[in-house]
Amino acid sequence: MTDSNHNASNERPLEVACPQCRTKVVWSTDNPYRPFCSKRCRLLDLGAWADESHRIAGEPAMDEADLDELIDRLERGGNT
């Protein structure tokens, strides 16, 4: 491979799949919505996070009753 071919392949823009619709998108500062292909896809993804369709796995949150019970046990010197 010659240097000119090597440089040409390095200059090829990175393409990623839009997380919402899977359309190929050039990763560039020219795309204000990256990694999404459009404002619509970006807003659809944000809405999915807002309505908790998208979640990051983890421990379930404790509700207030569980927290009060845990505090009571800890104040009495008990273990969790």
Please examine the side chains of Cys18 and Cys41, heavy atoms only from C-beta on, and report whether any two atoms are closer than 4.5 Å. yes
Can you list the residues that meet the salt bridge (charged side-chain N to carboxylate O under 4.0 Å, His left out) rule with Glu69, with sequence neighbours excluded? Arg73
Sequence neighbours left out, what passes side chain to side chain donor-acceptor pair (under 3.5 Å) with Trp27? Give chain and number order. none
Measuring from Leu70:CG to Glu75:CD, what's the distance to the nearest 0.5 Å? 10.0 Å
Output all residues satisfying side-chain contact (heavy atoms from CB on, under 4.5 Å) with Ser53, sequence neighbours left out; order by chain, then residue number. Ala48, Asp51
Pairwise side chain to side chain donor-acceptor pair (under 3.5 Å) hits with a residue in residues 40-50, at least two apart: Asp45-Trp49, Asp45-His54
Working to the nearest 0.5 Å, report the span between NZ of Lys39 and CG of Leu46. 11.5 Å
Residue set satisfying side-chain contact (heavy atoms from CB on, under 4.5 Å) with Asp66, at least two apart, ordered chain then number -> Met62, Asp63
Exercise: identify the closest heavy-atom pair between Val25 and Cys37: CG2-CB, 3.6 Å
Is there side-chain contact between Val26 and Arg34, with at least one heavy-atom pair below 4.5 Å? no
